Q: 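Dumping the structure here so I can ask a few things about it.
Keep in mind it's a predicted model, so treat the numbers as computed, not measured.
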Protein chains: 2
Amino acid sequence: MVGGARPRKQPTIKEVAQHAGVSPMTVSRTLAGGANVRPDLQEKVLSAVRELGYHRNENARSLRPGQASGLIGVAITNLGNPYYGNFALGVEEVAAETGRRIVLGNTGGDPARERQLVADFLGRQVEGLVLVPSGGSSDHLRPERLGDVPLVLASRRIYGLDVDVVLLDDVGGAYRGTLALLDAGHTRIGYLGNVSSEFTGARRYEGYLRALAERGIEPDSDLILREHAIGSAGEATGRLLDLEDPPTAIFSANNRNSIGALREIGRRLRSGARPDEMPALVSFDDFELAELMPVPVTVVDHDPRQLGREAAKLLLSRLGNGERHQGSARLVEMPVKLAPAPSP
Amino acid sequence: MVGGARPRKQPTIKEVAQHAGVSPMTVSRTLAGGANVRPDLQEKVLSAVRELGYHRNENARSLRPGQASGLIGVAITNLGNPYYGNFALGVEEVAAETGRRIVLGNTGGDPARERQLVADFLGRQVEGLVLVPSGGSSDHLRPERLGDVPLVLASRRIYGLDVDVVLLDDVGGAYRGTLALLDAGHTRIGYLGNVSSEFTGARRYEGYLRALAERGIEPDSDLILREHAIGSAGEATGRLLDLEDPPTAIFSANNRNSIGALREIGRRLRSGARPDEMPALVSFDDFELAELMPVPVTVVDHDPRQLGREAAKLLLSRLGNGERHQGSARLVEMPVKLAPAPSP
DNA sequence: GGATGTCTTGGTAACGTTACCATAGCGAGC
DNA sequence: GCTCGCTATGGTAACGTTACCAAGACATCC
């Protein structure tokens, strides 16, 4: 085993041709399906391919005019977050169904990094871009910069940019989640807001307000914590619970906030607080084992993978055939659903 | 806005050259750093680049001999799982630090899909491969198939394949987790096994057995459920709890099993079971809010992102400079740690 | 048998880029 | 003034691939 054959560089079509005793064109034709190539030659070619471990050089292939690269550029803010992981998975699946691959970049929410990634993707001749925007300037996404490469935005839209967008039904989900608390008899409902994404944060807040308004309840600014300055969701929850007239329920606009809130609630219960003093919780974003929590938790559930699939489908429809699909920008809102909540 | 400029195809270096009134070579040199190009021409070139929105065609660039593609192929089993999402993030980060990008494919654990992805990656001239193997034949990973493209395996190793591997310290983690239960006075410790990955499953089982052996406890086959035939972790937990002499603690070999076990425990508590009748749990794989669970949960915590970073570093070290790093295969085991456990 | 058509094969050029070579300009040194 | 050396610029070829064209082989049909 030791000192075995040196790794060889990838063989070219020329070498395969030589090995099979035919011209490169015959190899090319065979690999393209074998039309108008004698079966015996095809076999010779295919066994040469197997023997040498040959793979067509896709980069060289995509160089030829009219040949697409088969790459989709995907830039998301945090791959480690299961939400975006599933989103990327959805994009990957749909891309794979058409034989395409994704080049993936993590922006970490940094606009500079996003610009860099987009430039790199364009250099790699991606056929399209799927992007979870990081905020900041959107100059690098203007049509004259992207040329003929279509773009789909996800989770967040950029005003003034006329491109396809996929979003969750943030407003509807927050509305229905809040309404569920109101229907259960709660009238003092805290709002735990969104630091990470102002756009979805604003939309979810809108849903919360709409539900309150519908029941004629005036929003109480003491109960609404959506500032960036808040140290953590746990701390914010503590502030809500320490109010003179604390909320009996909390609407939490995202996963991170929900986890923080539950941690704080857990701390207080361990310190001797009575369970019926603790608020019920509605969480935008699902999380596991919600049913085992010490307070009733309702989740606004959604499917980020489906969101990714939808984004990819929008993108692919813009690639279509030769002539670009020229329809105007579309906005897709994916439905969310309330998971059955234990009564408060 | 409507009927605005048609999207143009990506400009070429030739068009930039024409626009700037120089030759393509001067453009190329300018973009390569500008050595031996008059400053005034450089400026002309750069403004033509900006004006046309030009990006170098990396595919064409990588066609030239000696030029690397800057792509790393990454194939994982399930991007939606935060474990693999974070793993991929780690690989992406390290790749990005050297200006490389990752092409990502999801195998879904399907060996055929894995073969297909690897072939595609090779066709795209990736500089290296990072793979979470799906099992099945490994013919497509033999050195003569990969040529000069280095491979790093993660989470699972393939015997007979002499390549770099990164693993968690599965044995040690399971050993220490089980030992913690023994130290807390448990003697009947159930084992909830791994369906998804036989390799890590076997290693974790080994750690469990080692801990028992060290304390002179004979493993009881009634307490050990690691068959594929088990319907679900919840059902398996039910079987353990329904034993005449049920375990007072359970070691669960992965996240999925832990969640299933906790769901079953939750069901029984809601049906009136007494909390002190329920087993303590040690879970290999962290999960959020473990501290809020109705039974004491200790987790064997680890950092999949770091695992990904390590995998990428091993890979990059094989790329090094011109001549391939020829050292023999390395095996890296990433440390895990026990999260502080509430006493049982 | 000759014209016509179909099938098979190979040569050539081009995709976008840059290493290499050639050339021109210019200042320094004798 | 002539060479030498250096800088700046451009032309050419090649990377691996395949569309297109040309040409040969062979069968078909009148």
Q: Provide, to the nearest angstrom, the distance between the NZ atom belonging to A:Lys14 and the P atom belonging to C:dG10.
A: 15 Å
Q: Counting the atoms with a prime plus P, OP1 and OP2 as sugar-phosphate, which does B:Asn36 contact under 4.0 Å by heavy atoms, base, sugar-phosphate, or nothing?
A: base
Q: Atom CD of B:Gln125 to atom C1' of D:dG16: distance rounded to whole Å?
A: 9 Å
Q: Just compare D:dT18, D:dT17, D:dT9 and give me whichever is closest to any side-chain atom of A:Ser28.
A: D:dT18
Q: Kindly compute the distance separating CD1 (B:Ile76) from CD (B:Glu114), expressed to the nearest 0.5 Å.
A: 12.0 Å
Q: Please state how far atom CG in A:Leu41 lies from atom P in D:dG24, giving the value in whole angstrom units.
A: 19 Å
Q: If I take atom CD in residue B:Glu15 and atom C1' in nucleotide C:dG16, what distance separates them, rounded to the nearest angstrom?
A: 11 Å
Q: Nearest whole angstrom, please: distance from the P of C:dG10 to the CD1 of A:Ile13.
A: 12 Å
Q: Whole Å only: how far is the CZ atom of B:Arg61 from the C1' atom of D:dG16?
A: 17 Å
Q: Between A:Leu31 (CG) and D:dA19 (P), how many Å, whole number?
A: 12 Å
Q: Look at the side chain of A:Val22 and decide which nucleotide, out of D:dG16, C:dT9, C:dG10, has an atom nearest to it.
A: C:dG10
Q: Return whichever of B:Thr26 or A:Arg29 has its heavy-atom-nearest nucleotide of DNA chain D closer to the 5' end.
A: B:Thr26
Q: Name the closest nucleotide to the B:Pro65 side chain, picking from C:dC15, D:dC15, C:dT9.
A: D:dC15
Q: Identify which nucleotide among C:dG10, C:dC15, D:dG16 has an atom closest to any side-chain atom of A:Lys9, counting heavy atoms from C-beta outward.
A: D:dG16
Q: Answer yes when B:Lys313 and B:Glu97 have at least one side-chain N-carboxylate O distance shorter than 4.0 Å, and no when they do not.
A: no
Q: Return the nearest nucleotide to the side chain of B:Thr12; candidates are C:dG16, D:dC20, D:dT17.
A: C:dG16
Q: Using whole Å, report how far NZ of B:Lys44 lies from P of D:dG10.
A: 10 Å
Q: Looking only at atom types and distance, does a side-chain atom of A:Glu127 sit under 3.5 Å from a main-chain N or O of A:Ile72, one as donor and one as acceptor?
A: no
Q: Taking B:Glu58 first and then B:Arg101, would you say they form a salt bridge - that is, a charged N and a carboxylate O separated by under 4.0 Å?
A: no
Q: Go through C:dC7, D:dT17, D:dC15 for me and flag the one nearest to the A:Arg64 side chain.
A: D:dT17
Q: When you check the gap from the basic side-chain N to the acidic O, do B:Arg124 and B:Asp120 get nearer than 4.0 Å?
A: yes
Q: With DNA chain D as reference, determine whether B:Arg38 or A:Asn57 sits nearer its 5' end, using the nearest nucleotide of each.
A: B:Arg38
Q: So A:Arg56, base contact, sugar-phosphate only, or nothing? Heavy-atom distance under 4.0 Å.
A: sugar-phosphate
Q: Nearest to the side chain of A:Leu63 - D:dG16, C:dT17, D:dT17?
A: D:dG16
